[in-house]
Amino acid sequence: MNIQELVIAEIKKAVKKNIDAGIFPQAEIPAIKLEVPPQKEYGDFATNIAMQSARIFHMAPKKIAEELIKQMDHDYLAKVEIAGPGFINFYLRSDIIYKELADVVKKGNHYGTLTDNGIKVQVEYVSANPTGPLHVGHGRGAAFGSALVNLLKAAGYQVESEYYINDAGKQIDNLAASVNARYLELLGKKADFPENGYHGHDIIETAQRIIDKFGDKYLNMADDERISLFKEVALKEKLAALREDLSAFNVHFDVWFSERTLHPDAVKSACEILLKNKAMYEKDGAKWLRSTDYGDDKDRVVIRDNGVPTYLAADIAYHKNKYERGFDKLINIWGADHHGYVCRVKAAIDALGFDSSKLEVLLLQMVSLYRNGELVKMSKRTGQSVTLAELIEEVGTDAARYFFIMRSLDSQLDFDLDLAKSESNENPVYYIQYAYARICSIFRQLAEAGIVYEGPANLELLTDETEIALIKKILSYPDEIRSAAKDYAPHRIANFVHELAADFHSFYNKCRIIGVDAPLAQSRLILCEATRNVIHHALDILGVSAPEKM
RNA sequence: GGCCCUGUAGCUCAGUUGGAUUAGAGCGUUUGACUACGAAUCAAAAGGUCGCAGGUUCGAAUCCUGCCAGGGUCACCA
């Protein structure tokens with residue numbers, strides 16, 4: 001139990017004692033939360049519980065606060081006082097933070113990783129169609145998703161990441177037809193390019209590679225036979241390219257789930273359940289999901305009048321499969337352009353008899369690229385868009401990931417390419433990495449000079465305001481992990497580690513490490529060590545590298 | 001028109017679910033700091049009617065209602 005938990009337990013006890021003594025009326029109070037006050041004069045942490053329960057108890061907040069403090073055992077604190085309209089401020093004994101700092105260093109690179117909470121979560125993200133290269137929008141999903149997976153793991157969840165491969169259906173047929181058309185064109189034949197075909201240059205490259213390898217071997221084959229052969233070739237190639245792009249972007253999946261495995265059995269059995277539950281009906285030769293029963297604008301076709309299942313059919317079967325795997329929580333990360341889709345999928349889940357509230361769909365807003373202050377135009381239709389691979393090439397994985405993650409999902413993201421690739425003080429990524437490299441440099445110099453500090457450190461020598469601020473920042477890290485994970489908000493870790501780096505730079509500029517008295521130097525080195533571990537831990541969550549030299 | 005997201009400093013954005021006479025970062029602007037551990041740094045200044053108008057209460061950038069502006073989306077496409 002850490003000190004905050006102890007205080008909360010004490011407050012709860014005090015509430016109960018007051019109720020038993022008849023001072024407070026019999027009533028439930030809201031959950032007790034501790035927060036860090038905006039100014040250090042208001043203590044190390046504080047609670048507003050007296051104000052929150054004022055309405056419930058029909059008592060003045062200050063009176064409630066007084067009675068609470070009377071019943072609390074707080075010898076382990078330096079001071080407890082009532083302030084403002086009814087805040088209770090707690091002041092730590094100065095030696096507490098030093099003890100906690102010593103614990104931080106003892107935990108080494110595990111500090112920030114919380115104990116297993118037994119909750120099984122699946123995160124499905126990217127899941128882009130394997131019909132072409134990933135573009136920057138996918139990049140945001142990939143960076144966010146992988147950071148979320150890392151964050152949840154750090155917070156003690158059991159996490160499995162998954163990529164859903166849309167390797168069945170019309171878009172794959174289009175892919176095959178597009179490759180076929182390019183193949184014929186390259187061999188000097190006339191070919192009608194499919195109406196909804198993929199115009200990207202990568203399709204031509206795929207066709208060219210086939211020719212490089214096999215020449216005109218397939219030219220005299222029947223069209224449909226050739227197309228179905230090219231389908232497999234193209235799919236394999238696109239998937240390999242996806243994996244490669246993602247891997248270069250520090251994104252890895254535990255499971256690659258193929259849509260094909262759902263056809264036809266899983267789709268059929270899901271439909272049977274829906275029919276049995278009267279959530280599906282036939283009209284105009286098609287089978288419809290009664291999604292309006294669950295708040296959708298209209299019912300949705302699951303099986304077309306020609307008997308071919310829609311995309312929704314596969315998705316229903318897919319989510320059924322996910323639920324059957326026994327996760328406590330399912331997270332889908334989708335582009336905001338799919339938001340209308342959420343309702344019908346949840347409708348299907350409920351209609352199948354599962355609990356749709358277990359599914360959390362996180363929608364990410366659009367990404368716009370800016371170069372020289374101007375919007376970089378993108379068009380998916382003509383294949384003229386900036387790919388993820390090009391972005392990585394231009395600004396690097398670290399900067400790209402950090403820029404994608406540092407904003408909340410709900411905000412449309414303006415990605416400033418010039419800022420991301422500037423190797424200067426303008427760039428927040430380098431600011432953080434620089435702090436890390438600086439610390440490494442200190443230890444490197446000590447090692448080179450053969451300096452060893454002996455004897456136990458006296459951390460109470462760390463009394464400068466920059467030292468205290470840095471220590472407190474480090475100590476707040478586990479709470480930051482906990483709350484960011486609870487809210488699926490990895491961008492808070494990005495902000496946190498930037499603030500941590502700032503606290504370190506301030507400390508570094510004010511306090512010398514090498515060259516001061518040995519006990520003080522040793523204490524400061526321990527502070528450096530703790531800072532280094534936390535920066536590394538946080539950057540690992542973001543999927544950004546921690547270079548020892550820059 | 002329905003639904004979703006956004007509107008906070010010149011620009012890009014935080015603001016941990018309603019808290020503290022002073023709403024925070026970064027960039028940009030201005031002024032200082034390297035004969036000592038990495039100046040990719042630090043210290044400080046200027047910069048705000050939190051889109052507008054009501055409402056809820058001890059207390060609102062945060063919750064409710066109505067407007068205004070920008071973006072997204074409304075398929076037997078995926």
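Order of the sequence lines fixes the chain letters, A, B, ..., with proteins taken first and strands second; residue numbering starts at 1 for each chain.
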Item to check | Stretch residues 400-409 of chain A: residues that reach within less than 4.0 Å of RNA chain B through a heavy atom | outcome: A:Arg407, A:Ser408
Next on the checklist: Which residues in residues 466-486 of chain A have a heavy atom closer than 4.0 Å to any atom of RNA chain B?
Outcome noted: A:Ser483
Can you tell me, in whole Å, how much space there is between the [atom1] of [N] and that of [M]?
N: B:rU8; M: B:rG70; atom1: P; answer: 14 Å
N: B:rG24; M: B:rG48; atom1: P; answer: 14 Å
N: B:rA14; M: B:rU57; atom1: P; answer: 31 Å
N: B:rA44; M: B:rU49; atom1: C1'; answer: 27 Å
N: B:rC63; M: B:rU16; atom1: P; answer: 10 Å
N: B:rC67; M: B:rC11; atom1: P; answer: 28 Å

Checklist entry - What does A:Asn48 touch in the nucleic acid at a heavy-atom separation under 4.0 angstrom: a base, only the sugar-phosphate, or nothing? => result base
Checklist entry - Base, sugar-phosphate, or nothing for A:Gln412, non-hydrogen atoms under 4.0 angstrom? => result base
Checklist outcome for this item: Hits for ring-ring contact (aromatic ring centres under 6.0 Å, His included) against A:His498, two or more places apart or cross-chain, chain-then-number order -> A:Tyr431
Side-chain donor or acceptor of [X] under 3.5 Å from a matching atom on the base of [N]?
X: A:Asp297; N: B:rG2; result: no
X: A:Asn174; N: B:rA78; result: no
X: A:His339; N: B:rC3; result: yes

Checklist entry - side chain to side chain donor-acceptor pair (under 3.5 Å): which pairs involve residues 339-348 of chain A, sequence neighbours left out? => result none
Look at the side-chain N and O atoms of [X] and state whether any lies under 4.0 Å from the OP1 or OP2 oxygen of [N].
X: A:Ser411; N: B:rA14; answer: yes
X: A:Gln445; N: B:rG38; answer: yes
X: A:Arg438; N: B:rA39; answer: yes
X: A:Tyr431; N: B:rC42; answer: yes
X: A:Ser506; N: B:rA43; answer: yes
X: A:Tyr434; N: B:rA40; answer: yes
X: A:Lys298; N: B:rC76; answer: yes
X: A:His491; N: B:rG15; answer: yes

Side chain to side chain donor-acceptor pair (under 3.5 Å) with [X]: which residues, sequence neighbours excluded?
X: A:His505; value: A:Arg438
X: A:His319; value: A:Asn332
X: A:Ser483; value: A:Arg492

Item to check | Duplex segments of RNA chain B, taken as runs of at least three Watson-Crick or G-U pairs that stay under 3.5 Å | outcome: B:1-7 with B:68-74, B:10-13 with B:24-27, B:29-33 with B:41-45, B:51-55 with B:63-67
Listed partners of [X] passing side-chain contact (heavy atoms from CB on, under 4.5 Å), at least two apart:
X: A:Thr47; value: A:Ile11, A:Ile32, A:Leu34, A:Ile49, A:Ile88, A:Phe90
X: A:Glu360; value: A:Lys329, A:Ile331, A:Leu362, A:Tyr488
X: A:Asn321; value: A:Phe257, A:Arg325
X: A:Ala530; value: A:Leu101, A:Val104, A:Val105, A:Ile474

Checklist entry - Do any N or O atoms from the side chain of A:Ser291 and from the backbone of A:Lys298 form a donor-acceptor pair under 3.5 angstrom? => result yes
Checklist entry - Can A:Ser408 and A:Asp410 be counted as having a side-chain donor-acceptor contact under 3.5 angstrom? => result no
Checklist entry - With no hydrogens and no angle check, do the side chains of A:Asn166 and A:Gln171 hold a donor and an acceptor under 3.5 Å apart? => result no
Checklist entry - Ring centres of A:Phe504 and A:Tyr436 under 6.0 Å apart? => result no
